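What's counted below: heavy atoms across the whole structure, side chains too, no hydrogens, waters or symmetry copies. In what follows, chains are A, B, ... by sequence order, proteins preceding strands, each numbered from 1. These numbers come from a predicted model, not from an experiment.
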Number of protein chains: 2
Amino acid sequence: MSETPPEPDESRPDGGPPPPRRRVNRREQILRAAADVFATQGFHNTSLADIATMLDITPAGVLHHFGSKTGLLTAVLELRDDTEPAPGGSPMLDHLVTTAERNSERPGTTQLYAVLSAESATEDHPAQGWFRERYTVLRRDIEGAILDRLGPEQRGPAGAPGPGGHSPAGAAAAAVIAVMDGLQVQWLLDPEAVDMALVTETVIDALVARLARGE
Amino acid sequence: MSETPPEPDESRPDGGPPPPRRRVNRREQILRAAADVFATQGFHNTSLADIATMLDITPAGVLHHFGSKTGLLTAVLELRDDTEPAPGGSPMLDHLVTTAERNSERPGTTQLYAVLSAESATEDHPAQGWFRERYTVLRRDIEGAILDRLGPEQRGPAGAPGPGGHSPAGAAAAAVIAVMDGLQVQWLLDPEAVDMALVTETVIDALVARLARGE
DNA sequence: GTCTATAGGGAGATAGAC
DNA sequence: GTCTATCTCCCTATAGAC
(Lines give C-alpha, C1' and ligand atoms only; values in the text may rest on other atoms or scores of the structure.)
Protein backbone atom coordinates (compact mmCIF):
# COMPACT_ATOMS: atom_id res chain seq x y z
CA MET A 1 0.00 0.00 0.00
CA SER A 2 2.25 2.79 1.27
CA GLU A 3 5.66 2.87 -0.29
CA THR A 4 8.62 4.02 1.71
CA PRO A 5 11.16 5.71 -0.57
CA PRO A 6 14.80 4.75 0.09
CA GLU A 7 16.82 7.26 2.04
CA PRO A 8 20.22 7.98 0.46
CA ASP A 9 23.08 8.92 2.72
CA GLU A 10 23.59 12.64 2.37
CA SER A 11 27.20 13.92 2.41
CA ARG A 12 27.91 17.27 3.99
CA PRO A 13 31.58 18.29 3.49
CA ASP A 14 31.50 21.24 5.84
CA GLY A 15 29.72 21.65 9.11
CA GLY A 16 26.84 23.45 7.38
CA PRO A 17 23.25 24.03 8.38
CA PRO A 18 21.05 21.26 9.77
CA PRO A 19 20.94 18.23 7.49
CA PRO A 20 18.19 18.45 4.84
CA ARG A 21 16.12 15.33 4.86
CA ARG A 22 15.73 13.33 1.69
CA ARG A 23 12.46 11.87 2.90
CA VAL A 24 9.84 14.52 2.29
CA ASN A 25 9.46 14.92 6.00
CA ARG A 26 7.47 12.56 8.12
CA ARG A 27 5.16 15.40 8.95
CA GLU A 28 4.03 15.71 5.36
CA GLN A 29 3.47 11.99 5.00
CA ILE A 30 1.32 12.03 8.07
CA LEU A 31 -0.62 15.05 6.83
CA ARG A 32 -1.44 13.34 3.57
CA ALA A 33 -2.50 10.14 5.23
CA ALA A 34 -4.60 12.04 7.74
CA ALA A 35 -6.32 14.09 5.05
CA ASP A 36 -7.17 10.89 3.19
CA VAL A 37 -8.61 9.08 6.12
CA PHE A 38 -10.39 12.08 7.68
CA ALA A 39 -12.11 12.44 4.33
CA THR A 40 -13.27 8.86 4.04
CA GLN A 41 -14.11 8.29 7.68
CA GLY A 42 -14.68 11.68 9.25
CA PHE A 43 -12.61 13.11 12.09
CA HIS A 44 -14.25 11.60 15.14
CA ASN A 45 -14.51 8.20 13.54
CA THR A 46 -10.82 8.12 12.71
CA SER A 47 -8.27 6.92 15.22
CA LEU A 48 -4.62 7.82 15.39
CA ALA A 49 -3.98 4.14 14.90
CA ASP A 50 -5.69 4.27 11.50
CA ILE A 51 -3.20 6.89 10.38
CA ALA A 52 -0.21 5.34 12.11
CA THR A 53 -0.84 1.98 10.46
CA MET A 54 -0.65 3.53 7.00
CA LEU A 55 2.90 4.66 7.77
CA ASP A 56 3.92 1.60 9.76
CA ILE A 57 4.45 3.48 12.98
CA THR A 58 2.56 3.62 16.28
CA PRO A 59 -0.15 6.12 17.21
CA ALA A 60 2.25 7.92 19.50
CA GLY A 61 4.57 8.36 16.55
CA VAL A 62 1.86 10.45 14.93
CA LEU A 63 1.20 12.44 18.06
CA HIS A 64 4.84 13.38 18.34
CA HIS A 65 4.55 15.62 15.29
CA PHE A 66 1.29 17.33 16.13
CA GLY A 67 0.87 17.12 19.89
CA SER A 68 -2.74 16.03 19.78
CA LYS A 69 -5.36 14.68 17.44
CA THR A 70 -6.90 18.13 17.27
CA GLY A 71 -3.55 19.63 16.35
CA LEU A 72 -3.38 17.18 13.49
CA LEU A 73 -6.83 18.20 12.27
CA THR A 74 -5.89 21.86 12.34
CA ALA A 75 -2.76 21.15 10.34
CA VAL A 76 -4.76 19.20 7.77
CA LEU A 77 -7.18 22.07 7.32
CA GLU A 78 -4.41 24.63 6.93
CA LEU A 79 -3.01 22.42 4.19
CA ARG A 80 -5.52 23.94 1.72
CA ASP A 81 -4.29 22.58 -1.55
CA ASP A 82 -4.80 25.74 -3.56
CA THR A 83 -3.19 24.45 -6.70
CA GLU A 84 -4.36 27.56 -8.47
CA PRO A 85 -4.94 30.80 -6.56
CA ALA A 86 -8.55 31.96 -6.58
CA PRO A 87 -9.03 35.10 -8.67
CA GLY A 88 -10.95 38.07 -7.35
CA GLY A 89 -13.82 39.97 -8.91
CA SER A 90 -16.18 38.61 -11.49
CA PRO A 91 -13.80 35.84 -12.72
CA MET A 92 -14.14 34.28 -9.29
CA LEU A 93 -17.63 33.11 -10.20
CA ASP A 94 -16.24 31.17 -13.14
CA HIS A 95 -13.55 29.85 -10.87
CA LEU A 96 -16.23 28.43 -8.60
CA VAL A 97 -17.68 26.42 -11.46
CA THR A 98 -14.21 25.20 -12.34
CA THR A 99 -13.70 24.20 -8.73
CA ALA A 100 -16.92 22.20 -8.75
CA GLU A 101 -15.71 20.46 -11.88
CA ARG A 102 -12.36 19.70 -10.33
CA ASN A 103 -14.06 18.41 -7.20
CA SER A 104 -15.85 15.81 -9.31
CA GLU A 105 -12.45 14.29 -9.95
CA ARG A 106 -11.18 14.46 -6.39
CA PRO A 107 -13.67 12.60 -4.22
CA GLY A 108 -11.17 12.56 -1.38
CA THR A 109 -10.75 16.29 -1.01
CA THR A 110 -14.41 16.89 -1.68
CA GLN A 111 -15.34 14.49 1.06
CA LEU A 112 -12.85 15.99 3.47
CA TYR A 113 -14.42 19.42 3.46
CA ALA A 114 -18.00 18.29 3.02
CA VAL A 115 -17.85 15.94 5.98
CA LEU A 116 -15.73 18.14 8.22
CA SER A 117 -17.70 21.33 7.62
CA ALA A 118 -20.92 19.70 8.77
CA GLU A 119 -19.21 17.83 11.58
CA SER A 120 -17.77 21.14 12.75
CA ALA A 121 -21.30 22.29 13.52
CA THR A 122 -21.37 19.97 16.52
CA GLU A 123 -20.67 21.04 20.06
CA ASP A 124 -17.15 22.22 20.76
CA HIS A 125 -15.77 20.79 17.58
CA PRO A 126 -12.11 21.74 17.15
CA ALA A 127 -12.64 22.89 13.56
CA GLN A 128 -15.59 25.13 14.37
CA GLY A 129 -13.70 28.42 14.40
CA TRP A 130 -11.86 27.51 11.24
CA PHE A 131 -15.02 26.88 9.26
CA ARG A 132 -16.89 29.84 10.69
CA GLU A 133 -14.10 32.11 9.58
CA ARG A 134 -13.89 30.40 6.22
CA TYR A 135 -17.58 30.96 5.47
CA THR A 136 -17.42 34.57 6.57
CA VAL A 137 -14.55 35.28 4.20
CA LEU A 138 -16.12 33.32 1.36
CA ARG A 139 -19.42 35.15 1.68
CA ARG A 140 -17.69 38.49 1.57
CA ASP A 141 -15.52 37.60 -1.42
CA ILE A 142 -18.32 36.07 -3.46
CA GLU A 143 -20.61 38.97 -2.68
CA GLY A 144 -17.91 41.22 -4.13
CA ALA A 145 -17.60 39.01 -7.20
CA ILE A 146 -21.34 39.16 -7.80
CA LEU A 147 -21.43 42.93 -7.50
CA ASP A 148 -18.49 43.09 -9.86
CA ARG A 149 -20.30 41.01 -12.46
CA LEU A 150 -23.44 43.10 -12.20
CA GLY A 151 -21.54 46.22 -13.16
CA PRO A 152 -21.90 49.70 -11.71
CA GLU A 153 -25.24 50.50 -13.32
CA GLN A 154 -27.09 47.48 -11.93
CA ARG A 155 -25.25 47.34 -8.68
CA GLY A 156 -27.33 49.87 -6.77
CA PRO A 157 -30.22 47.88 -5.34
CA ALA A 158 -28.30 44.59 -5.09
CA GLY A 159 -25.62 46.12 -2.89
CA ALA A 160 -27.94 47.93 -0.54
CA PRO A 161 -28.67 46.31 2.82
CA GLY A 162 -31.93 44.38 2.82
CA PRO A 163 -33.92 42.54 5.48
CA GLY A 164 -31.80 41.23 8.32
CA GLY A 165 -29.02 43.66 7.45
CA HIS A 166 -27.90 41.54 4.50
CA SER A 167 -27.75 42.87 0.98
CA PRO A 168 -29.37 40.86 -1.83
CA ALA A 169 -25.91 40.18 -3.21
CA GLY A 170 -24.83 38.91 0.18
CA ALA A 171 -27.78 36.55 0.29
CA ALA A 172 -26.90 35.34 -3.18
CA ALA A 173 -23.34 34.72 -2.06
CA ALA A 174 -24.53 32.59 0.84
CA ALA A 175 -26.75 30.72 -1.60
CA VAL A 176 -23.91 29.97 -3.99
CA ILE A 177 -21.75 28.57 -1.22
CA ALA A 178 -24.66 26.59 0.14
CA VAL A 179 -25.41 25.06 -3.25
CA MET A 180 -21.83 23.94 -3.71
CA ASP A 181 -21.70 22.41 -0.24
CA GLY A 182 -25.07 20.72 -0.47
CA LEU A 183 -24.33 19.31 -3.89
CA GLN A 184 -21.20 17.70 -2.56
CA VAL A 185 -23.16 15.61 -0.10
CA GLN A 186 -25.67 14.54 -2.74
CA TRP A 187 -22.86 13.77 -5.15
CA LEU A 188 -20.83 11.79 -2.63
CA LEU A 189 -23.86 9.65 -1.84
CA ASP A 190 -24.85 9.22 -5.50
CA PRO A 191 -22.34 10.48 -8.07
CA GLU A 192 -24.60 9.73 -11.03
CA ALA A 193 -27.48 11.73 -9.63
CA VAL A 194 -26.05 15.23 -9.85
CA ASP A 195 -23.67 17.23 -12.01
CA MET A 196 -22.01 19.57 -9.53
CA ALA A 197 -20.47 21.96 -12.04
CA LEU A 198 -23.58 22.25 -14.19
CA VAL A 199 -25.90 22.90 -11.28
CA THR A 200 -23.49 25.37 -9.70
CA GLU A 201 -23.31 27.33 -12.95
CA THR A 202 -27.07 27.27 -13.31
CA VAL A 203 -27.64 28.69 -9.86
CA ILE A 204 -25.05 31.43 -10.26
CA ASP A 205 -26.56 32.49 -13.57
CA ALA A 206 -30.09 32.42 -12.23
CA LEU A 207 -29.18 34.49 -9.18
CA VAL A 208 -27.15 37.04 -11.13
CA ALA A 209 -29.96 37.39 -13.69
CA ARG A 210 -32.43 37.98 -10.92
CA LEU A 211 -30.28 40.64 -9.32
CA ALA A 212 -29.72 42.30 -12.70
CA ARG A 213 -33.46 42.58 -13.10
CA GLY A 214 -33.50 44.38 -9.76
CA GLU A 215 -35.82 41.99 -7.96
CA MET B 1 -35.76 20.77 28.49
CA SER B 2 -37.72 17.80 27.23
CA GLU B 3 -41.10 17.53 28.83
CA THR B 4 -42.55 14.18 29.74
CA PRO B 5 -46.28 14.32 29.13
CA PRO B 6 -48.40 12.55 31.73
CA GLU B 7 -49.82 9.24 30.61
CA PRO B 8 -53.47 8.83 31.51
CA ASP B 9 -54.30 5.52 33.10
CA GLU B 10 -56.28 3.62 30.51
CA SER B 11 -59.08 1.57 32.04
CA ARG B 12 -59.58 -1.88 30.66
CA PRO B 13 -62.94 -3.30 31.82
CA ASP B 14 -62.13 -6.80 30.63
CA GLY B 15 -58.97 -8.78 31.19
CA GLY B 16 -57.35 -7.29 28.10
CA PRO B 17 -53.73 -7.07 26.85
CA PRO B 18 -50.62 -6.64 29.04
CA PRO B 19 -50.72 -3.92 31.72
CA PRO B 20 -50.19 -0.39 30.36
CA ARG B 21 -47.19 1.42 31.73
CA ARG B 22 -47.58 4.75 33.38
CA ARG B 23 -44.34 5.97 31.84
CA VAL B 24 -44.71 6.70 28.11
CA ASN B 25 -42.52 3.79 27.13
CA ARG B 26 -38.84 3.75 27.72
CA ARG B 27 -38.25 3.32 24.02
CA GLU B 28 -39.68 6.75 23.24
CA GLN B 29 -37.72 8.43 25.98
CA ILE B 30 -34.55 6.93 24.61
CA LEU B 31 -35.42 8.00 21.09
CA ARG B 32 -35.90 11.60 22.13
CA ALA B 33 -32.70 11.68 24.13
CA ALA B 34 -30.78 10.06 21.28
CA ALA B 35 -32.16 12.50 18.70
CA ASP B 36 -31.12 15.39 20.93
CA VAL B 37 -27.62 14.21 21.51
CA PHE B 38 -26.97 12.91 17.98
CA ALA B 39 -27.89 16.39 16.84
CA THR B 40 -25.56 18.25 19.14
CA GLN B 41 -22.64 15.82 19.01
CA GLY B 42 -23.00 13.78 15.84
CA PHE B 43 -23.44 10.03 15.74
CA HIS B 44 -19.91 8.71 15.97
CA ASN B 45 -19.01 11.19 18.67
CA THR B 46 -21.92 10.13 20.85
CA SER B 47 -21.62 7.21 23.22
CA LEU B 48 -24.40 5.03 24.50
CA ALA B 49 -23.34 6.20 27.93
CA ASP B 50 -24.19 9.78 26.97
CA ILE B 51 -27.73 8.74 26.23
CA ALA B 52 -28.03 6.34 29.14
CA THR B 53 -26.93 8.99 31.62
CA MET B 54 -29.76 11.28 30.55
CA LEU B 55 -32.24 8.60 31.61
CA ASP B 56 -30.32 7.35 34.63
CA ILE B 57 -29.74 3.89 33.27
CA THR B 58 -26.69 2.03 31.97
CA PRO B 59 -25.55 1.84 28.35
CA ALA B 60 -26.72 -1.73 28.13
CA GLY B 61 -30.16 -0.57 29.16
CA VAL B 62 -30.27 1.47 25.99
CA LEU B 63 -29.00 -1.38 23.87
CA HIS B 64 -31.74 -3.65 25.12
CA HIS B 65 -34.36 -1.66 23.22
CA PHE B 66 -32.52 -1.27 19.94
CA GLY B 67 -30.01 -4.10 19.76
CA SER B 68 -27.11 -1.93 18.64
CA LYS B 69 -26.05 1.66 18.37
CA THR B 70 -26.77 1.49 14.64
CA GLY B 71 -30.24 0.21 15.33
CA LEU B 72 -30.81 3.21 17.54
CA LEU B 73 -29.66 5.58 14.80
CA THR B 74 -32.02 3.98 12.29
CA ALA B 75 -34.92 4.33 14.70
CA VAL B 76 -34.08 8.00 15.28
CA LEU B 77 -34.07 8.68 11.56
CA GLU B 78 -37.39 6.92 11.01
CA LEU B 79 -38.82 9.15 13.69
CA ARG B 80 -39.25 11.98 11.14
CA ASP B 81 -41.27 14.53 13.00
CA ASP B 82 -43.55 15.46 10.13
CA THR B 83 -45.81 17.65 12.17
CA GLU B 84 -47.50 18.74 8.99
CA PRO B 85 -47.58 16.46 5.95
CA ALA B 86 -45.72 17.83 2.93
CA PRO B 87 -48.07 18.83 0.13
CA GLY B 88 -47.45 17.76 -3.46
CA GLY B 89 -47.32 19.86 -6.61
CA SER B 90 -46.51 23.54 -6.72
CA PRO B 91 -47.49 24.25 -3.07
CA MET B 92 -44.58 22.04 -2.07
CA LEU B 93 -42.19 24.82 -3.04
CA ASP B 94 -43.86 27.17 -0.58
CA HIS B 95 -43.77 24.41 1.98
CA LEU B 96 -39.99 24.22 1.57
CA VAL B 97 -39.65 27.89 2.51
CA THR B 98 -41.91 27.33 5.49
CA THR B 99 -39.75 24.40 6.50
CA ALA B 100 -36.64 26.56 6.35
CA GLU B 101 -38.38 29.09 8.53
CA ARG B 102 -39.40 26.43 11.01
CA ASN B 103 -35.88 25.05 11.04
CA SER B 104 -34.63 28.41 12.25
CA GLU B 105 -36.55 27.78 15.42
CA ARG B 106 -35.49 24.18 15.88
CA PRO B 107 -31.70 24.13 15.98
CA GLY B 108 -31.77 20.59 17.35
CA THR B 109 -33.62 18.97 14.49
CA THR B 110 -31.81 21.10 11.95
CA GLN B 111 -28.48 20.00 13.34
CA LEU B 112 -29.54 16.37 13.45
CA TYR B 113 -30.13 16.10 9.74
CA ALA B 114 -27.41 18.52 8.66
CA VAL B 115 -24.73 16.71 10.61
CA LEU B 116 -25.94 13.19 9.94
CA SER B 117 -26.47 13.65 6.21
CA ALA B 118 -22.88 14.74 5.71
CA GLU B 119 -21.56 12.17 8.13
CA SER B 120 -23.44 9.52 6.18
CA ALA B 121 -21.17 10.24 3.21
CA THR B 122 -18.33 8.47 5.01
CA GLU B 123 -17.32 4.89 4.40
CA ASP B 124 -19.87 2.28 5.40
CA HIS B 125 -21.91 4.69 7.46
CA PRO B 126 -25.07 3.00 8.73
CA ALA B 127 -27.29 5.86 7.58
CA GLN B 128 -25.92 5.93 4.05
CA GLY B 129 -28.73 4.02 2.40
CA TRP B 130 -31.33 6.01 4.29
CA PHE B 131 -30.00 9.37 3.08
CA ARG B 132 -29.36 8.19 -0.48
CA GLU B 133 -32.96 7.09 -0.73
CA ARG B 134 -34.17 10.28 0.88
CA TYR B 135 -32.37 12.48 -1.62
CA THR B 136 -33.58 10.43 -4.55
CA VAL B 137 -37.19 10.80 -3.47
CA LEU B 138 -36.79 14.49 -2.66
CA ARG B 139 -35.25 15.26 -6.02
CA ARG B 140 -38.08 13.51 -7.82
CA ASP B 141 -40.80 15.23 -5.78
CA ILE B 142 -39.33 18.70 -6.03
CA GLU B 143 -38.74 18.27 -9.75
CA GLY B 144 -42.44 17.51 -10.05
CA ALA B 145 -43.33 20.55 -7.97
CA ILE B 146 -41.21 22.79 -10.18
CA LEU B 147 -42.79 21.46 -13.36
CA ASP B 148 -46.16 21.94 -11.76
CA ARG B 149 -45.44 25.57 -11.00
CA LEU B 150 -44.16 26.23 -14.48
CA GLY B 151 -47.46 25.16 -15.96
CA PRO B 152 -48.06 23.11 -19.11
CA GLU B 153 -47.10 25.79 -21.61
CA GLN B 154 -43.64 26.45 -20.16
CA ARG B 155 -42.96 22.93 -19.09
CA GLY B 156 -41.69 21.62 -22.41
CA PRO B 157 -37.98 22.38 -22.42
CA ALA B 158 -37.58 22.22 -18.65
CA GLY B 159 -38.89 18.68 -18.45
CA ALA B 160 -36.86 17.29 -21.33
CA PRO B 161 -33.71 15.37 -20.47
CA GLY B 162 -30.61 17.53 -20.71
CA PRO B 163 -26.88 16.83 -20.38
CA GLY B 164 -26.07 13.88 -18.16
CA GLY B 165 -29.56 12.50 -18.59
CA HIS B 166 -31.00 15.05 -16.16
CA SER B 167 -33.71 17.49 -17.07
CA PRO B 168 -33.25 21.19 -16.27
CA ALA B 169 -36.03 20.88 -13.73
CA GLY B 170 -34.24 17.94 -12.15
CA ALA B 171 -31.07 19.96 -11.87
CA ALA B 172 -33.03 22.78 -10.28
CA ALA B 173 -34.52 20.33 -7.79
CA ALA B 174 -31.06 19.14 -6.77
CA ALA B 175 -30.04 22.78 -6.42
CA VAL B 176 -32.94 23.64 -4.14
CA ILE B 177 -32.17 20.73 -1.84
CA ALA B 178 -28.49 21.61 -1.87
CA VAL B 179 -29.17 25.21 -0.94
CA MET B 180 -31.31 24.21 1.99
CA ASP B 181 -28.72 21.74 3.25
CA GLY B 182 -25.78 24.05 2.76
CA LEU B 183 -27.53 26.95 4.43
CA GLN B 184 -28.12 24.84 7.49
CA VAL B 185 -24.41 24.36 8.05
CA GLN B 186 -23.68 28.07 7.60
CA TRP B 187 -26.57 28.94 9.87
CA LEU B 188 -25.56 26.48 12.57
CA LEU B 189 -22.07 27.92 12.61
CA ASP B 190 -23.25 31.53 12.52
CA PRO B 191 -27.01 32.09 12.97
CA GLU B 192 -26.78 35.83 12.38
CA ALA B 193 -25.01 35.46 9.08
CA VAL B 194 -27.77 33.90 6.96
CA ASP B 195 -31.55 33.96 6.72
CA MET B 196 -32.39 30.43 5.67
CA ALA B 197 -35.98 31.05 4.64
CA LEU B 198 -35.23 34.20 2.70
CA VAL B 199 -32.33 32.72 0.78
CA THR B 200 -34.26 29.53 0.05
CA GLU B 201 -37.13 31.52 -1.38
CA THR B 202 -34.77 33.65 -3.45
CA VAL B 203 -33.12 30.63 -5.02
CA ILE B 204 -36.40 28.91 -5.80
CA ASP B 205 -37.75 32.05 -7.45
CA ALA B 206 -34.58 32.65 -9.42
CA LEU B 207 -34.49 29.07 -10.69
CA VAL B 208 -38.16 28.95 -11.62
CA ALA B 209 -37.88 32.30 -13.41
CA ARG B 210 -34.94 31.01 -15.36
CA LEU B 211 -36.77 27.86 -16.40
CA ALA B 212 -39.83 29.88 -17.33
CA ARG B 213 -37.69 31.92 -19.68
CA GLY B 214 -36.65 28.64 -21.27
CA GLU B 215 -32.92 28.94 -20.66
C1' DG C 1 14.55 14.67 16.37
C1' DT C 2 11.96 10.50 15.99
C1' DC C 3 9.49 7.13 17.76
C1' DT C 4 7.93 2.91 21.16
C1' DA C 5 6.11 1.16 25.47
C1' DT C 6 2.61 1.61 28.46
C1' DA C 7 -0.74 3.83 31.11
C1' DG C 8 -5.50 4.87 32.04
C1' DG C 9 -9.83 5.61 30.68
C1' DG C 10 -13.92 4.79 27.77
C1' DA C 11 -16.14 2.20 23.87
C1' DG C 12 -19.98 -1.24 22.38
C1' DA C 13 -21.98 -5.54 23.17
C1' DT C 14 -22.87 -10.35 25.50
C1' DA C 15 -24.92 -12.96 29.06
C1' DG C 16 -27.81 -13.30 32.50
C1' DA C 17 -30.36 -11.18 36.96
C1' DC C 18 -34.88 -9.59 38.34
C1' DG D 1 -40.02 -7.19 29.45
C1' DT D 2 -36.52 -4.37 31.46
C1' DC D 3 -32.20 -3.56 32.83
C1' DT D 4 -27.24 -4.36 35.28
C1' DA D 5 -22.71 -6.56 35.76
C1' DT D 6 -19.03 -7.48 33.22
C1' DC D 7 -16.06 -8.68 29.24
C1' DT D 8 -13.03 -7.38 25.72
C1' DC D 9 -11.29 -4.26 22.78
C1' DC D 10 -9.51 0.15 21.32
C1' DC D 11 -8.96 4.99 22.21
C1' DT D 12 -5.72 9.19 23.20
C1' DA D 13 -1.91 10.81 25.51
C1' DT D 14 2.18 10.74 28.73
C1' DA D 15 6.88 9.42 29.76
C1' DG D 16 10.90 8.16 28.29
C1' DA D 17 14.18 5.09 25.00
C1' DC D 18 17.15 5.60 21.08
Side-chain angles (χ1 to χ4, degrees), chain A residues 2 4-7 9-10 12 15-34 37-38 41-76 119 122-127, chain B residues 4 7 10 16-34 37-38 41-76 119 122-127:
Chain A
S2 65
T4 315
E7 172 117 340
D9 198 350
E10 33 193 304
R12 293 175 300 114
R21 264 141 310 160
R22 184 83 175 78
R23 205 177 350 148
V24 208
N25 214 0
R26 224 26 205 302
R27 217 188 126 89
E28 294 243 343
Q29 293 184 300
I30 294 173
L31 275 176
R32 277 174 224 224
V37 74
F38 283 168
Q41 302 186 341
F43 172 69
H44 283 305
N45 195 35
T46 296
S47 69
L48 294 174
D50 291 339
I51 298 159
T53 305
M54 296 169 74
L55 304 171
D56 280 309
I57 58 178
T58 65
V62 173
L63 275 184
H64 164 68
H65 296 273
F66 300 94
S68 70
K69 195 188 173 189
T70 294
L72 175 56
L73 172 62
T74 303
V76 166
E119 190 178 300
T122 58
E123 255 175 7
D124 297 325
H125 194 285
Chain B
T4 315
E7 173 112 342
E10 28 188 313
R21 265 142 312 166
R22 186 93 175 69
R23 213 174 350 160
V24 205
N25 213 2
R26 220 51 218 272
R27 215 188 127 92
E28 294 243 343
Q29 293 184 299
I30 295 173
L31 275 176
R32 279 175 224 221
V37 74
F38 282 168
Q41 302 188 340
F43 172 69
H44 282 305
N45 195 35
T46 296
S47 70
L48 294 175
D50 291 339
I51 298 159
T53 304
M54 296 169 75
L55 304 171
D56 280 308
I57 58 177
T58 65
V62 173
L63 275 183
H64 164 69
H65 296 274
F66 299 94
S68 70
K69 195 188 172 189
T70 295
L72 174 57
L73 172 62
T74 304
V76 166
E119 188 178 303
T122 57
E123 255 175 6
D124 297 324
H125 195 285

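- Here A:Arg26 reaches the OP1 or OP2 of C:dC3: one of its side-chain N or O atoms lies under 4.0 Å away.
- Residue contacts for B:Thr70: at a heavy-atom cut-off of 4.0 Å it reaches no nucleic acid atom on any strand shown.
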Mind listing the side-chain donor-acceptor pairs of residues 65-75 of chain B below 3.5 Å, one per line with the distance, residues two or more places apart or on another chain?
{"unit_1": "B:Ser68", "atom_1": "OG", "unit_2": "B:Thr70", "atom_2": "N", "d": "3.4"}
{"unit_1": "B:Ser68", "atom_1": "OG", "unit_2": "B:Gly71", "atom_2": "N", "d": "3.0"}
{"unit_1": "B:Lys69", "atom_1": "NZ", "unit_2": "B:Phe43", "atom_2": "O", "d": "3.0"}
{"unit_1": "B:Lys69", "atom_1": "NZ", "unit_2": "B:Thr46", "atom_2": "O", "d": "2.6"}
{"unit_1": "B:Thr74", "atom_1": "OG1", "unit_2": "B:Thr70", "atom_2": "O", "d": "3.1"}

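- The list of side chain to side chain donor-acceptor pair (under 3.5 Å) pairs with a residue in residues 47-58 of chain B, not counting sequence neighbours, reads B:Ser47-B:Asp50.
- For A:Ser47 and D:dC11, the shortest distance from a side-chain N or O to OP1 or OP2 is below 4.0 Å.
- Within residues 59-69 of chain B, the residues approaching DNA chain D are B:Ala60, B:Gly61, B:His64, B:His65, by heavy-atom distance under 4.0 Å.
- When rounded to the nearest whole Å, the span between CD1 of A:Ile57 and C1' of D:dC18 equals 16 Å.
- From B:Gln29, atom CD reaches atom CE of B:Met54 across 11.0 Å, with rounding to the nearest 0.5 Å.
- Within the nucleic acid shown, B:Thr58 comes within 4.0 Å of at least one base atom, counting heavy atoms only.
- When all heavy atoms are compared, the tightest approach of A:Ala34 to A:Val76 is CB-CG2, 3.8 Å.
- At a threshold of 4.5 Å between non-hydrogen side-chain atoms, the residues A:Gln41 and B:Asp124 do not count as touching.
- Taking both residues in full, the closest heavy atoms of B:Gly42 and B:Glu119 are given as CA-OE1, 4.0 Å, listed atom of the first, atom of the second, then distance.
- Taking all atoms of both residues into account, the shortest heavy-atom contact from B:Pro59 to B:Leu48 is CB-CB, 4.0 Å.
- Atom CG in B:Leu48 sits about 14 Å away from atom C1' in D:dC3, given to the nearest Å.
- A straight line from CG of B:Asp50 to C1' of C:dG12 spans 13 Å, rounded to a whole angstrom.
- Taking atom CG on B:Asp56 and atom C1' on D:dT4, their separation rounds to 14 Å, with Å as the unit.
- Distance CD1 (A:Ile51) to P (D:dA13): 12 Å, rounded to an integer number of Å.
- Following rounding to the nearest Å, B:His44 (NE2) and C:dG12 (C1') show an atom-to-atom distance of 13 Å.
- The separation between A:Phe43 atom CZ and D:dT12 atom C1' is 11 Å, rounded to whole Å.
- To the nearest angstrom, C1' of D:dT4 lies 15 Å from CG of B:Leu55.
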